[in-house]
Amino acid sequence: MKISNEEQKRSAEFFVKEIRRLTNRPLRLMEVCGTHTVAIFKSGIRQLLPCEVELISGPGCPVCVTPNDYLDMAIAYSRQKDTIITTFGDMLKVPGSTSSLAAEKAEGRDIRVVYSPLESLDIAAGNLDKKVIFLAVGFETTAPTAAATVLEAERKMLRNFYVLSAHKRVPPALNALCAADDITLDGLLLPGHVSAIIGEQAYAFLSERFSVPAVIAGFEALDILQAVYFLVKQIREGKAAVENQYRRIVKPEGNVAARNILSQVYEEDDAVWRGIGLINFSGLKVNAKYRRFDAEESIPVEVEPTVEPRGCRCGEVLRGVAKPFECSLFGDICRPEQPVGSCMVSVEGACAAWYRYGTGRWQI
Ligand code: SF4
């Protein structure tokens with residue numbers, strides 16, 4: 001049901017008033033998702049909150065958490081003459097150890113931007129003498145589409161299509177953050193899109209194991225304000241539950257059909273997250289039945305040694321222990337048009353969001 005602008009204004013005023021009334025100590029609330037980070041900046045929510053409420057960006061930008069060695073492998077594949085790389089556009093500018101896919105494309109490698117992994121199948125069908133490798137990057141939201149693409153490639157008997165999987169699962173990363181000694185979190189704003197697939201129940205461990213209040217939130221300004229209100233209310237009342245502010249999209253059980261497609265093709269695997277390191281069962285790799293579609297398993301490639309960008313603090317930014325402007329490269333050496341680290345590349349990256357929408361280093 002659509003509500004009028006006047007009703008929205010009244011609701012926003014109520015949430016802000018209540019957040020201010022209920023806040024009686026400094027609170028560190030992490031918005032896990034990069035889409036939330038951008039929405040918070042665009043709507044000016046930070047300025048409406050009491051100064052005790054600190055919003056911290058988390059590891060919810062898939063491009064940002066993809067480690068350098070994955071980029072290096074994708075670049076190495078792109079240099080093979082019989083290979084076409086297909087990828088979402090925001091992977092192009094992410095710096096690898098010594099190059100980027102954009103730089104390789106400029107050198108003439110066949111790297112094509114797609115808007116859906118399914119487009120890769122048309123490219124594979126039209127280039128049977130080439131190997132077509134889709135860079136499968138993203139969380140539980142995008143992984144089912146990649147899985148459906150593998151099933152469709154099988155149905156079409158395409159022998160030259162592969163995925164290079166860097167898919168990640170959000171709950172194990174949250175588990176790692178909550179278990180870390182150097183990270184203090186009073187509450188979590190959980191990602192609406194991912195939650196639409198995995199459902200509310202996937203987060204039960206947050207309250208059971210860590211007693212951290214958590215709210216699944218939508219992406220409108222009013223959604224986020226209401227979710228912050230729910231968090232602050234829980235904290236004030238000494239509760240730690242998983243609440244669902246985004247009920248119009250997120251069902252308790254999630255999207256069972258999408259998860260079924262996912263589980264036909266992928267299995268859980270340990271995965272490395274940029275800045276966080278190896279997290280058990282936090283990745284998705286192609287299972288044994290469909291292993292021939294797994295580029296890493298099927299196509300040998302020599303990858304250069306991985307080098308991390310000097311001075312980049314993406315790891316700390318992704319763990320919420322440093323703000324982007326605390327990186328000495330922010331804004332001067334590292335900018336969206338000339339990124340040093342992955343957090344400055346994607347529009348959902350915390351560094352890019354602070355660069356585009358933050359009003360200065362003094363604004364916290
Ligand atoms: S400002 Fe650039 S170099 Fe610094 S942490 Fe962010 S992405 Fe890395």
Side-chain angles (χ1 to χ4, degrees), residues 28 30-42 46 54-75 87-104 135 137-139 166 168 173 176-177 180 182-185 191 271-279 304-364:
R28 284 169 52 85
M30 175 178 276
E31 86 269 1
V32 175
C33 173
T35 313
H36 279 149
T37 301
V38 172
I40 286 165
F41 269 115
K42 280 187 171 174
R46 262 195 187 79
E54 186 184 358
L55 295 179
I56 309 154
S57 301
C61 155
V63 170
C64 305
V65 298
T66 302
N68 254 12
D69 57 357
Y70 177 88
L71 260 304
D72 292 341
M73 185 174 286
I75 288 165
T87 177
F88 296 132
D90 48 5
M91 287 295 287
L92 281 186
K93 279 168 68 181
V94 183
S97 293
T98 58
S99 183
S100 67
L101 291 166
E104 296 299 319
L135 304 186
V137 171
F139 296 123
K168 303 252 184 314
L177 289 181
D182 61 337
I183 303 174
T184 310
L185 295 174
V272 173
W273 294 55
R274 187 187 292 261
I276 302 176
L278 186 79
I279 304 176
E304 63 186 320
T306 297
V307 182
E308 297 300 332
R310 279 179 69 181
C312 173
R313 297 179 68 183
C314 272
E316 292 162 87
V317 170
L318 290 166
R319 297 171 72 245
V321 295
K323 288 278 195 323
F325 55 78
E326 290 170 339
C327 172
S328 61
L329 308 183
F330 178 81
D332 299 324
I333 292 168
C334 182
R335 305 185 301 277
E337 63 276 17
Q338 186 187 307
V340 175
S342 60
C343 298
M344 192 57 95
V345 177
S346 167
V347 288
E348 296 192 347
C351 296
W354 274 91
Y355 184 87
R356 287 198 170 91
Y357 307 112
T359 56
R361 288 164 193 248
W362 57 87
Q363 183 201 40
I364 297 179

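Each residue takes its place number in the sequence, starting with 1. All ligand and atom numbering here is 1-based and tracks the order in the structure.
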>> Tell me whether R313 contacts the main-chain N or O of A322 through its side chain, where contact means a donor paired with an acceptor under 3.5 Å.
In response: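 Such a contact is absent between R313 side chain and A322 backbone.
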
> Can you tell me if R28 uses its side chain to pair, donor with acceptor, with the backbone of L185 under 3.5 Å?
Replying inline: no

> If you measure only the distance, is there a donor-acceptor pair under 3.5 Å linking the side chains of E304 and T98?
Replying inline: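 Indeed, the side chains of E304 and T98 share at least one donor-acceptor pair under 3.5 Å.
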
>> Does either side chain, that of D72 or that of S97, offer a donor lying less than 3.5 Å from an acceptor on the other one?
In response: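 A pair is found: one side chain offers a donor N or O, the other an acceptor, under 3.5 Å apart.
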
> F139 vs W273 aromatic rings, parallel, tilted or perpendicular, using cut-offs 30° and 60°?
Replying inline: parallel

>> Listing by chain and number, which protein N, O or S atoms are under 2.8 Å from atom 8 (Fe) of ligand 1?
In response: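 N, O, S partners closer than 2.8 Å: C312 SG.
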
> Do V345 and P95 have side chains that get closer than 4.5 Å, going by heavy atoms?
Replying inline: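 Side chain of V345 against side chain of P95, heavy atoms only: contact under 4.5 Å found.
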
